[in-house]
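Heads up, the thing below is written out as structure tokens.
All values derive from a computational prediction rather than experimental measurement.
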Amino acid sequence: MPANLGLDAAERERHIGWDIGICAVSRLVGEALDATVITQNYSRLAIDCNRMPGSATSIVEISELTTVPGNIALGEAQKNAASQRYSSPITRRSRGELAQRRQAGRASALVAMHSFTPVFKSVARPWHVGVLYNRDPRFAHVLLKRLRGQHGLVVGDNEPYSVTDASDYTIPVHGEQRGLHHVAIEIRQDLITDERGQRRWAELFARLLPQAYRQLVAVEAGD
């Protein structure tokens, strides 16, 4: 296999390689809320851990318009090895954390954090942030309303992406299948490339996520 999947540093450092800025935001939110934060430490060009293992989009030969030489014509044994090396550890960690919380009787909510490019294939994206969901929109809709109450924010409802079984793993498997309240969040990358932006967005979500969750729980309890 070519070193660095056959891509130069400039390509690997673009969005095709990682979700720019979101790891820092997630960790800041986690610190503020005393929440468990689980991050993927490998490039999604090696394997996308937010895809069902074995799916056509988990190991891509072309990402956006860029060919990934190291992924071309991989055999099943090589794909399985990549899944075991890169995907399995984060899956086991997520399952273990959620199982421990359930056994301890602790209420849990799952928040998947991502970032997206301001422009995709020459098309500008107007949203500052997107709220994503699949079968269960409850948490997402409450959070969406609160975000839209913030002055000046353009908020996407299942934009610029939506959650599906084919395009996602975290929400369908760890959220829906467990019956947990859940939501996926996408923040535009140019807003979180520096520490100032990361802290601004982390502070916003550290405030709004608990508010939305408490509101959701109160409604379900009939309060």
Side-chain angles (χ1 to χ4, degrees), residues 1-26 38-76 78-83 85-91 111-134 140 153-174 183-194 197-198 201:
M1 179 181 294
N4 296 316
L5 298 175
L7 297 172
D8 61 29
E11 290 287 3
R12 299 195 309 274
E13 291 168 5
R14 293 199 303 115
H15 174 74
I16 62 172
W18 60 306
D19 273 16
I20 297 168
I22 202 62
C23 184
V25 175
S26 300
I38 300 174
T39 61
Q40 167 60 8
N41 297 323
Y42 298 98
S43 170
R44 64 161 156 261
L45 292 173
I47 191 167
D48 193 328
C49 293
N50 195 38
R51 298 290 186 273
M52 193 67 66
S55 71
T57 57
S58 64
I59 301 177
V60 296
E61 296 185 1
I62 297 177
S63 184
E64 295 183 13
L65 302 176
T66 300
T67 299
V68 185
N71 288 343
I72 293 176
L74 290 180
E76 288 304 310
Q78 292 170 299
K79 292 179 181 179
N80 289 337
S83 180
R85 180 178 181 183
Y86 303 122
S87 290
S88 294
I90 194 170
T91 298
V111 180
M113 304 279 289
H114 304 276
S115 68
F116 66 96
T117 55
V119 178
F120 181 72
K121 295 183 178 179
S122 300
V123 177
R125 290 162 152 176
W127 312 281
H128 299 113
V129 60
V131 179
L132 281 53
Y133 52 90
N134 188 20
L153 283 189
V154 180
V155 186
D157 181 349
N158 260 347
E159 295 284 0
Y161 307 106
S162 60
V163 176
T164 69
D165 291 340
S167 65
D168 291 82
Y169 184 86
T170 303
I171 293 298
V173 173
H174 297 308
V183 64
I185 295 166
E186 291 269 359
I187 304 174
R188 207 173 69 200
Q189 288 175 353
D190 58 314
L191 304 175
I192 54 172
T193 53
D194 59 20
Q198 292 159 5
W201 281 91

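Residues L45 and V68 approach most closely at CD2-CG2, 4.0 Å, considering heavy atoms. The shortest non-hydrogen separation linking W127 to P160 is CZ3-CB, 3.6 Å. A46 and I59 make their closest contact through O-CG1, 3.8 Å (heavy atoms, listed as atom of the first residue, atom of the second, distance). Here the closest non-hydrogen pair linking T193 and Q189 is CG2-O, 3.0 Å. When all heavy atoms of E61 and A73 are compared, the closest pair comes out as OE2-N, 3.2 Å. Smallest separation of non-hydrogen atoms from Y133 and N158: N-OD1, 3.0 Å.
Proximity of Y169 to M52: side-chain heavy atoms (C-beta onward) are separated by under 4.5 Å at one or more points. Residues V131 and V155 are in side-chain contact: their nearest non-hydrogen atoms beyond the backbone lie under 4.5 Å apart. In this structure, the side chains of L132 and Y161 come closer than 4.5 Å at one or more pairs of heavy atoms. Counting heavy atoms from C-beta outward, P69 and L7 have side chains that approach closer than 4.5 Å. In this structure, D194 and Q198 have side chains that are not in contact, with every pair of non-hydrogen atoms separated by 4.5 Å or more. At a threshold of 4.5 Å between non-hydrogen side-chain atoms, the residues S167 and T57 do not count as touching.
There is a side-chain donor-acceptor pair under 3.5 Å between R14 and T66. In this structure, a donor-acceptor pair under 3.5 Å is absent between the side chains of Y86 and N41.
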